[in-house]
Amino acid sequence: MYPDDLKYTKDHEWVRLDGDEATVGITDFAQRQLGDIVYVELPEVGRAVRQGEMFGTIESVKAASELYAPLSGDVVAVNQDLTDHPEAINKTPHDAWMIRIRPSEAGEAGALLDAARYADLVK
């Protein structure tokens, strides 16, 4: 259910580490808890984020939730398609990325959960 090539946070974000970039989205568990997603607010490219800091918000028909940076670094890309089509997160949550970060703190990725540990967390 949770892809092995991703890392996860306790705040229900996923991270795909690829070279010097980290792609970030929310997990299938998170989108199921939220329900039908209707709005996503994401940061500007170039913004510096700190691990655990809020970087945006996501709203569904039943709730609004904050999004937290899984790693510190600079936002190098934002998925603008989600502005017009936030429902893509419900359809393919582990492909519907939100932001890409160029991490600045090498050790932070070690604190992320692997798929098995994340699955245990959300049982």
Side-chain angles (χ1 to χ4, degrees):
M1 173 178 279
Y2 300 102
D4 288 332
D5 65 328
L6 302 177
K7 298 291 185 183
Y8 302 89
T9 72
K10 293 177 181 176
D11 293 317
H12 310 292
E13 280 99 14
W14 58 259
V15 179
R16 179 177 291 116
L17 300 168
D18 186 23
D20 66 346
E21 288 188 0
T23 304
V24 179
I26 66 166
T27 65
D28 182 58
F29 176 84
Q31 71 82 21
R32 284 187 283 120
Q33 296 297 307
L34 285 166
D36 293 336
I37 295 168
V38 296
Y39 178 74
V40 179
E41 181 181 332
L42 300 173
E44 296 290 323
V45 170
R47 177 175 158 195
V49 294
R50 301 281 321 148
Q51 185 179 43
E53 171 187 282
M54 187 181 94
F55 73 80
T57 57
I58 187 167
E59 295 179 14
S60 70
V61 294
K62 63 181 185 178
S65 188
E66 296 175 340
L67 300 166
Y68 298 98
L71 301 168
S72 300
D74 294 324
V75 176
V76 295
V78 174
N79 188 347
Q80 294 296 339
D81 290 343
L82 294 180
T83 302
D84 295 327
H85 302 287
E87 70 279 0
I89 298 166
N90 292 117
K91 293 177 183 168
T92 56
H94 295 126
D95 292 322
W97 64 278
M98 295 180 172
I99 62 172
R100 288 196 179 112
I101 299 171
R102 181 165 295 118
S104 59
E105 304 291 331
E108 289 179 346
L112 299 174
L113 306 173
D114 63 19
R117 287 177 52 212
Y118 182 73
D120 283 345
L121 176 74
V122 297
K123 277 186 185 175

Let's go through Leu67 and Ile26 carefully: what are the C-alpha distance in whole Å and the side-chain angles of both, what is the deciding distance for side chain to side chain contact (heavy atoms under 4.5 Å, CB included) to 0.1 Å, and is it a yes or a no? CA-CA 8 Å; Leu67 300 166; Ile26 66 166; 3.6 Å; yes
Check: Thr83 and Val40 side chains under 4.5 Å, non-hydrogen atoms: no
Check whether any side-chain heavy atom of Met98 lies under 4.5 Å from a side-chain heavy atom of Ile58, and answer yes or no. yes
Indicate yes or no: at least one non-hydrogen side-chain atom of Glu21 is less than 4.5 angstrom from one of Ile101. no
Looking at Asp114 and Arg117, would you say the former's side chain and the latter's main chain have a donor-acceptor pair under 3.5 Å? yes
Closest heavy-atom pair, Val78 versus Pro43, reported as atoms and distance to 0.1 Å, is CG2-O, 3.1 Å
Sidechain-backbone polar pair: Ser72 side chain, Ser104 backbone, donor-acceptor under 3.5 Å: no
Heavy-atom side-chain contact between Trp14 and Val24 under 4.5 Å: no
Give a yes or no on whether the backbone of Leu34 and the side-chain of Ser60 come within a donor-acceptor separation of less than 3.5 Å. yes
Who are the ring pair (Phe, Tyr, Trp, His ring centres under 6.0 Å) partners of Tyr118, not counting sequence neighbours? Tyr2, Tyr8, His12
Donor-acceptor pair, distance only, cut-off 3.5 Å: does the side chain of Asp36 make one with the backbone of Val61? no
Is the closest side-chain heavy-atom distance between Ile99 and Asn79 below 4.5 Å? no
Going by side chain to side chain contact (heavy atoms under 4.5 Å, CB included), name the residues that satisfy it together with Pro93, two or more places apart in sequence or in a different chain. Asp28, Gln31
Would you please say whether a donor-acceptor pair under 3.5 Å links the side chains of Thr27 and Glu13? no
Ignoring hydrogens and angles, tell me if any N or O in the side chain of Gln51 forms a donor-acceptor pair with the backbone of Pro70 under 3.5 Å. yes
Can you name the closest pair of heavy atoms from Ala115 and Asp4 and give their distance? CB-OD1, 3.4 Å
Taking every heavy atom of Asp20 against every heavy atom of Pro103, the minimum-distance pair comes out as O-CD, 3.4 Å
Lys10 side chain near Leu113 side chain, heavy-atom distance below 4.5 Å: yes
If I take atom CG from residue Asp5 and atom NE2 from residue His94, how far apart are they, to the nearest 0.5 angstrom? 10.0 Å
Name all residues meeting the side chain to side chain contact (heavy atoms under 4.5 Å, CB included) criterion together with Asp74; count only those two or more places apart in sequence or in a different chain, and write none if there are none. Ala48
Between Lys7 and Glu108, does at least one N-O distance fall below 4.0 Å, as a salt bridge requires? no
